[in-house]
Protein chains: 2
Amino acid sequence: MSSVTPAADGDPAARPLRKDAERNRARILAAAREVFAAQGLDAGFDEVARVAGVGVGTVYRRFPERRDLVEALFQEEVDAVVARAEEAAADPDPWRGLVGFLHWGAEAQAADRGLAQVLAAAGRGHERVASGRDRLAPAVDALVRHAQRAGVLRPDVSGLDIGIAVAMVGRVGGPDRARLRERYVTLVLDGLCLRRDAPTPLPQVAVGEDDLACVVEPVRRPR
Amino acid sequence: MSSVTPAADGDPAARPLRKDAERNRARILAAAREVFAAQGLDAGFDEVARVAGVGVGTVYRRFPERRDLVEALFQEEVDAVVARAEEAAADPDPWRGLVGFLHWGAEAQAADRGLAQVLAAAGRGHERVASGRDRLAPAVDALVRHAQRAGVLRPDVSGLDIGIAVAMVGRVGGPDRARLRERYVTLVLDGLCLRRDAPTPLPQVAVGEDDLACVVEPVRRPR
DNA sequence: GTGGAAACGGAAGACCTGCTCCACTTAGCT
DNA sequence: AGCTAAGTGGAGCAGGTCTTCCGTTTCCAC
């Protein structure tokens, strides 16, 4: 979660960075991970620089475009999602695998705004992060097919549906609304299963009359 | 949808506006409805003024705070949602009423970013729009109880759950993704019903390999 | 028609944000 | 140690948005 590719930055022919530059690069990546998770992918570079303890100029020199930073960061985060999907697909109980993946995915996206945005961009086929989708889609598709062949998942849904469902639920609520998200994952899963006689019990949520800060986050306005 | 309270603006003791002022006020409200629907509640006042064909100063004089404008606008929009919920609750077939309300609500929120934000704020208990929730919550609760008493809706969900579900699905996709939203409303409804033997058929969506612009919209960063 | 209060509009100032640039510092080689 | 190229940081500029302010226009009561 915090290891960083040491030097070779895509182009293996590039001369290695100086030691201090490499150290700062790592600091910037760590800071960006933190800031992007909290504020989303268009957080100010100033903030990233402040958290990293370097000047803005340094951030811009190392990552001239925002995409460069995002790309460097989320390669590994996407890997984590792919790994989790494969793990879920390997579960001997296919339904349990699917359930686990949905819960985990919703929580991961809720905890990290940047991740949510990257996955959305990957789904949308954005050039630079498209490689993310190319790895992600097969993994989720495999999970879906696995559950469908076992006859527990309805046959008319695709991996894309699962991705969108995770994204939808992941947008619900603030940081401490984990219970609420579990509730909606359970609800969606009751819609995803092939058939059922009774509803799956939902996690109870105690919301006070004036403590309904649990709604879906507002959309952002386009630039 | 386009009628506007002529003069009495909250305070009945206020002297009536001059005729031109009243005309401009109506123009501003119409423009704001359009602009807020497209761009969300924090669209620039400049844009509202431009669309209304008045100067920015006029907008600021009539509505010194953004909240004043939002409040004046969405009183009636919330009324429309309440009316739709009551209509749905009055349906002799309670399940059909619920299905119709979810489809309508998701589409309404997708078509109007401003409405989505206001409903979110209302759910969150925001002071000025709190009155909206006070009217909305009972209407949706009645719809839910109606369906539950008829034994078609699972008993462990509340009106709030319905509101959040509508909001979640309403965030999916862009303007022409109505089909996709229908798909997820159907899926959620299959999770909401008391029991079912087979999945409800989902509306088919044809998405090309690189036309996956169907993901949930990104979250916005806080000010 | 006239006087004066109300309303108008948009230029201008305050502010905020993304990015560049260059005088200075530092690592690493000899 | 001394030299040089690589690296640094933050002041400052450009471009954008929000809000105010005041000279001009419009309405309406008389």
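The figures here come from the full heavy-atom set of this structure, side chains too, leaving out hydrogens, waters and symmetry mates. Given the structure is predicted, the values throughout are model-derived calculations rather than measurements.
Rounded to a whole Å, the CG atom of B:D42 is 12 Å from the P atom of D:dT19. Between A:F45 atom CZ and D:dG9 atom P there is a gap of 16 Å when expressed in whole angstrom units. Look at CZ on A:R27: it is 14 Å from C1' on D:dG7, rounded to the nearest Å. Between B:E47 atom CD and D:dT19 atom P the separation is 16 Å, expressed in whole Å. Regarding A:R50, its CZ atom lies at a distance of 15 Å from the C1' atom of C:dT17, rounded to whole Å. When rounded to the nearest whole Å, the span between CZ of B:F63 and C1' of D:dC18 equals 18 Å. The distance from atom CG of A:L69 to atom P of C:dC19 is 12 Å, rounded to the nearest whole Å. One atom, OH of B:Y60, and another, P of D:dT19, lie 4 Å apart when rounded to the nearest Å.
Between B:R33 and B:E76 a salt bridge is recorded (basic side-chain N to carboxylate O distance below 4.0 Å).
In the model, B:Q204 has no side-chain atom that pairs as donor or acceptor with a side-chain atom of B:R179 under 3.5 Å.
Residues that satisfy the side chain to side chain contact (heavy atoms under 4.5 Å, CB included) test with B:V157, not counting sequence neighbours, are A:L187, A:L202, B:Q148, B:L153, B:R154, B:D161, B:L192. Applying the salt bridge (charged side-chain N to carboxylate O under 4.0 Å, His left out) rule to B:R135 yields the partners B:D79; only residues at least two apart in sequence or on another chain are considered. Not counting sequence neighbours, B:P138 has no partner by the side chain to side chain contact (heavy atoms under 4.5 Å, CB included) test. Listed by chain and number, the residues in a side chain to side chain contact (heavy atoms under 4.5 Å, CB included) with A:D91 are A:D93, A:R96 (sequence neighbours excluded). Remark: A:D134 pairs with no residue by the salt bridge (charged side-chain N to carboxylate O under 4.0 Å, His left out) rule, at least two apart or across chains. Partners of B:D20 according to the side chain to side chain donor-acceptor pair (under 3.5 Å) rule, which considers only residues two or more places apart in sequence or in another chain, are B:R18. For A:R23, the side chain to side chain donor-acceptor pair (under 3.5 Å) test picks out no residue, with sequence neighbours left out. Legend: residues meeting salt bridge (charged side-chain N to carboxylate O under 4.0 Å, His left out) with B:E182, ordered by chain and number and at least two apart, are absent.
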* Letter per nucleotide, 5' to 3', of nucleotides 5-11 of chain C [B base touched, S only sugar-phosphate touched, - untouched; heavy atoms, 4.0 Å] -> BBSBBB-
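Annotation: ring-ring contact (aromatic ring centres under 6.0 Å, His included) contacts involving residues 34-62 of chain A, sequence neighbours excluded, comprise A:F45-A:Y60.
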Pairs under 3.5 Å (N/O, protein and nucleotides 1-4 of chain D):
none

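Rounded to 10°, the angle separating the first-five-pair axis and the last-five-pair axis of the helix from C:dG1-D:dC30 to C:dT30-D:dA1 equals 10°.
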